Amino acid sequence: MTLFAVTVIGNDRPGIIADTTAALARLGGNLEDSTMTILRGHFAMVLLVSADAARSDVESGLSPLEDDGTLLVSVREVPQEYDVAAPGAPYLLSVHGADRPGIVSAITAEVAGAGGNVTDLSTRLTGDLYVLLAEVDLPGSADVEGLSRRLREVADGLGVDVSLRPVDSDLM
Amino acid sequence: MSLLPPLPEGQVLAIVRAPERGLSTRSAEVDPRDPAVAQLAADLLATQRGAAGCVGLAAPQVGVGLRVFSLDVTGHPKARACHGALVLANPVIVTASRWERGREGCLSVPDLTGDVKRATRLLVSGSLPGSGAPVTVETDAFEARALQHEIDHLDGLLFLDRVAGAHAVHARKVYL
Ligand SMILES: [Zn+2]
């Protein structure tokens, strides 16, 4: 079994997922984790697929998707498992304000500096309003108060609002 | 009235995990005066207490398709009203209001969490296992959320059936 990362990007239309997964099913592929969203009308999907197939077979199986020139497909072989970072405590980071260059890099640099790992990120620009939402794992050793303070300083400099709050889940 | 009736000694039972079909099946009403129901309630409470950080457990989670659950949010930082340890048979939600989103995990879905809207003001009626006495529980905040989660189990629903969006399910971080 080989694990492949398949990315599909392009002009959104109904049926892209059905077409992609039908081609992968014909190859005997098994979908593992996947994510898909639409970014300003661009379809964007990443699938992890395990299959008893060569990369070239997966590529040729998916190549009809590219026939009309509106979609780009890439297939990469990836390791079955990475050494994952030790899990931390989950936080939700929220930023919003007037759009300007450098918001994401300035904010995420502070998170990285505190040893935080972004596990999910989405940003939206609508009119002049920029919105960033990120799930962040902070290690047990992280100085959460200090990070919050530095994030506020950076946000003040950028003229945006920021909040960092825990999103602990409860077992029931 | 206490919501923890006298119960026999409970045993720790094995937890059933999704995709076990029993978790997706509606559980049956019970006769709350049946001694076997009191035993089940005691077993649920014992099993829940044996699972670190677990605030509630419903019978389908131990492979029993009966409408009984245990709950205890004592000391939980998100709890406001708190009835301590309680067990309930044949629970029914009477009124529910003030819906808020929060993140839930479940012993039966150990690797995922989900963002779910739940009522934060809740009135539940039911019967005490053992005596069969009718009781009502009026509560709010975290205890209300946990009650709704357990009653969902009795209806064959997991938090996965209620998540607030396609990106509202997350990997659970086992963080000690
Ligand atoms: Zn549960």
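If you're wondering where the values come from, they're calculated on a predicted model, not measured in any experiment.
Of the two parts of L107(B), the backbone and the side chain both hold a non-hydrogen atom closer than 4.5 Å to a non-hydrogen atom of chain A. Only the side chain of E150(B) comes within contact range of chain A, with at least one heavy atom under 4.5 Å from a heavy atom of that chain. Only the side chain of T119(A) comes within less than 4.5 Å of a heavy atom in chain B; its backbone stays farther off. For a residue to count as touching a neighbouring chain, one of its non-hydrogen atoms must lie under 4.5 Å from one of that chain's; by this rule Q61(B) touches chain A with the side chain only. Only the backbone of A52(B) comes within contact range of chain A, with heavy atoms under 4.5 Å apart. In this structure, chain A has a heavy atom under 4.5 Å from the side chain of F142(B), while its backbone stays farther away.
Under the side chain to side chain contact (heavy atoms under 4.5 Å, CB included) criterion, V169(B) pairs with L112(B), L160(B), V163(B), sequence neighbours left out.
Interface check for chain A: of the options G114(B), G56(B), C106(B), the most heavy-atom pairs under 4.5 Å are formed by C106(B).
Neither side chain, E77(A) nor T2(A), offers a donor N or O lying under 3.5 Å from an acceptor on the other.
For R17(B), the CZ atom sits in a loose shell: 12 or fewer heavy atoms of surrounding residues, nucleotides or ligands are nearer than 6.0 Å. The 12-atom threshold is not exceeded at CG of D33(A), counting heavy atoms of other residues, nucleotides or ligands nearer than 6.0 Å. More than 12 heavy atoms of other residues, nucleotides or ligands shown are found within 6.0 angstrom of CD on Q80(A).
Under the 4.0 Å criterion applied to side-chain N and carboxylate O atoms, E135(A) and R103(B) are assigned as salt-bridge partners.
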